[in-house]
Structures are given as structure tokens and as C-alpha cells.
Number of protein chains: 2
Amino acid sequence: MTEPAGKHDVFQAIADPTRREILRLLAEKDRPISEIASYFPISRTAVTKHLHLLSESKLVEGRKEGRQKMYHLNTEPLMELKEWLHYYERFWNNKLTRLQFIVEQEPE
Amino acid sequence: MTEPAGKHDVFQAIADPTRREILRLLAEKDRPISEIASYFPISRTAVTKHLHLLSESKLVEGRKEGRQKMYHLNTEPLMELKEWLHYYERFWNNKLTRLQFIVEQEPE
DNA sequence: ATTATATAACACCTTTTGGTTTTATTTCAA
DNA sequence: TTGAAATAAAACCAAAAGGTGTTATATAAT
């Protein structure tokens with residue numbers, strides 16, 4: 001039981017470069033939609049859609065604050081990604097082991 | 001200069017569950033197209049397309065072997081993902097720090 | 001009260017994605 | 001050499017993705 005995943009999982013969410021950039025912006029601090037949108041050449045509506053999708057995958061949360069909506073980063077879902085990646089880490093380890101071996105064999 | 005990325009980067013490549021499953025299969029061992037396809041309910045042609053895309057992002061390599069084409073996993077491009085993830089690791093660390101604090105405060 | 005701000009909710013458009021089927025081409029095997 | 005196996009290549013299709021613009025609606029500020 002790994003979560004229903006609904007249709008928009010983390011993998012989907014981070015596939016788009018604009019969305020990754022949004023996450024980056026929210027990593028610095030919480031920001032309202034209009035501020036986020038100001039960083040992109042696309043329409044505010046388009047940014048809102050990206051935020052909705054990121055919301056679905058729980059990577060961001062929005063709270064209403066006066067007349068603006070503040071968005072906040074939530075990295076917890078990235079754990080799934082980390083775990084997924086971990087499975088493939090042994091391949092790198094092998095490579096590192098091999099690299100280590102080569103380095104150790106190198107003459108002065 | 002992080003690579004031209006061509007249009008199909010790693011993030012895109014792993015966004016699709018079928019493709020992730022293909023990677024999983026190739027992690028066990030090299031396999032020919034038909035064998036890979038046998039694990040999915042979709043057509044062999046569809047699987048081939050996924051393999052092409054994975055090839056573009058260098059996550060797999062195919063070599064012709066007799067009349068079949070063997071595919072091989074290459075995890076190196078996943079490094080980019082790992083680095084990307086690493087940026088967000090500090091948030092987890094913060095959470096762990098907070099958790100640690102809570103646990104330490106807990107009475108016997 | 002009125003107006004400007006910030007967002008939400010629609011309707012709509014174009015390209016990409018993920019899939020199909022059909023038609024070659026190459027290679028092994030009988 | 002004739003056929004079956006394995007893939008490649010092409011044309012096609014529906015749905016989703018990423019974008020647009022327009023029209024509400026709620027909130028602040030004057």
C-alpha cells in the first residue's frame with residue numbers, strides 16, 4: 001500500500017521544469033501566487049494550474065491570507081523519490097568501488 | 001551548463017510508471033525488447049517507444065545481438081536527480097532535528 | 001460606496017504523450 | 001530457400017498537458 005497516488009504523483013509533479021522552479025522559489029520562503037508568477041514568462045493562470053497540480057501531490061500547501069493565497073513548500077512527498085532512487089544507489093556504489101580501485105592502483 | 005537536455009531529461013523519463021517499471025526490470029538484468037514487453041499489458045511497439053525515450057535520456061542503452069536487441073540499464077543520469085533532491089534534504093534534516101527534540105523531551 | 005487587487009473559475013486552443021495497427025526488414029533455423 | 005522470430009518504421013488516434021484569454025468573486029484601501 002504505497003498511497004492511492006490519485007493520478008498525480010511526485011514523479012509527475014517534478015517532471016515539469018516550471019514546477020521545479022516553483023519548488024525552488026518556495027524553498028526560499030512562502031510566497032503568494034502573484035509573486036511566484038512574476039518569475040515566469042507565462043500567465044498567472046498557468047502558474048496557478050501548476051500550483052494546483054503541486055498541491056495534488058502534496059508538494060505545496062496554500063493558505064488564504066487576506067486577499068492573497070500564500071503557498072508553502074512541503075518536502076515530505078519527496079521521500080518517495082528518495083526511496084525510489086535509493087534502490088539504484090547500489091549501481092553507483094559499484095562504480096565508486098571500481099573508481100576507488102583504479103585510484104588506489106595509480107602510481108605516485 | 002548542465003547539459004543540453006534535448007527535451008527529454010531524466011525527470012521526464014521517470015515520470016511514467018511504465019518506464020519506471022522498465023528500469024526496475026533492467027536493474028535485475030539486461031533484457032531484449034520482447035521480454036520486457038511480456039511484462040506489460042501494452043503492445044510491443046508501445047514498449048519500444050518507451051525504450052527510445054529512455055535511450056534519449058541515456059537511462060538505457062540498446063545493443064543489437066543477433067536478431068534481438070538487448071537493453072541495458074545506465075544509472076548515471078540519475079545522479080542529476082540525486083543532486084536535485086539533495087537541495088531539499090535540509091528540510092528533512094530540520095524535521096528530523098525537530099523530531100529528535102520532541103523525543104528527547106519525552107518523559108520515561 | 002467605489003475602486004483596485006488577488007485569486008478563482010471557465011471556455012478554449014495546440015502540442016505532446018501514450019497508445020494503436022499495419023507494413024517492412026533482418027536474422028536464425030529447418 | 002522458405003518461413004518464423006524479433007525488431008523497425010510509419011501513419012494514425014484519443015486524451016492529457018501546458019498554455020491562453022475572459023469573466024466572476026472576495027478583500028483592502030480610498
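We use all heavy atoms of the structure for the numbers below, so side chains are in, but hydrogens, waters and symmetry mates are not. So you know, we letter chains A, B, ... as the sequences are listed, proteins then strands, and number each from 1. Fair warning: this is a prediction, and the values are worked out from it, not measured in the lab.
Rounded to a whole Å, the CZ atom of B/Phe40 is 13 Å from the P atom of C/dT20. In this structure, A/Tyr71 atom OH and C/dT7 atom C1' are separated by 9 Å, rounded to whole Å. As rounded to whole Å, 16 Å separates atom P of D/dA6 from atom CG of B/Leu51. Rounded to an integer number of Å, the gap from A/Glu56 CD to D/dA17 P is 9 Å. Per the geometry, CD belonging to A/Glu65 stands 13 Å off P belonging to C/dA8, to the nearest Å. Atom-to-atom, CE of A/Met70 to C1' of C/dA6 comes out at 13 Å; the value is rounded to the nearest Å. Following rounding to the nearest Å, B/Phe11 (CZ) and D/dA17 (C1') show an atom-to-atom distance of 19 Å. Straight-line distance from the CD1 atom of A/Ile42 to the P atom of C/dT15: 17 Å, rounded to whole Å.
Within the structure, every side-chain polar atom (N or O) of A/Ser34 is placed at least 4.0 Å from both OP1 and OP2 of C/dT5. The phosphate of C/dC28 (OP1 or OP2) has no side-chain N or O of B/Gln68 nearer than 4.0 angstrom. Regarding contacts with the backbone of D/dA29, every side-chain N or O of A/Arg67 stays at 4.0 angstrom or more from both OP1 and OP2. Not one side-chain nitrogen or oxygen of A/His52 sits closer than 4.0 Å to the OP1 or OP2 atom of C/dA8. A close approach under 4.0 Å does occur between a side-chain nitrogen or oxygen of B/Lys69 and OP1 or OP2 of D/dA8. Checking the phosphate oxygens (OP1, OP2) of D/dT27, a side-chain nitrogen or oxygen of A/Lys64 falls inside 4.0 Å.
Among the heavy atoms of the strands lying under 4.0 Å from A/Ser43 is at least one base atom, whether or not backbone atoms are also near.
Here B/Asp9 does not pair with B/Lys58 in a salt bridge; the nearest charged N to carboxylate O distance is not below 4.0 Å.
Relative to the six-membered ring of A/Tyr88, A/Arg90 misses at least one condition, a distance below 6.0 Å or an angle of at most 45° to the axis. Taking the centre and axis of the six-membered ring of B/Tyr71, the NZ or CZ atom of B/Arg31 falls outside the cone set by 45° and 6.0 Å.
Closest contact between the side chain of B/His50 and the listed nucleotides C/dT7, C/dG18, D/dG18 involves C/dG18. The listed nucleotides are D/dG19, C/dA8, C/dG18; the one nearest the side chain of A/Thr18 is D/dG19.
Remark: side-chain polar atoms of A/His52 are paired, donor with acceptor, to backbone N or O of A/Thr48 under 3.5 angstrom.
Other residues, nucleotides and ligands contribute only 12 or fewer heavy atoms inside 6.0 Å of the CZ atom of A/Arg44.
Checking B/Glu35 against B/Thr45, the closest nucleotide of DNA chain D that is more toward the 5' end is the one next to B/Glu35.
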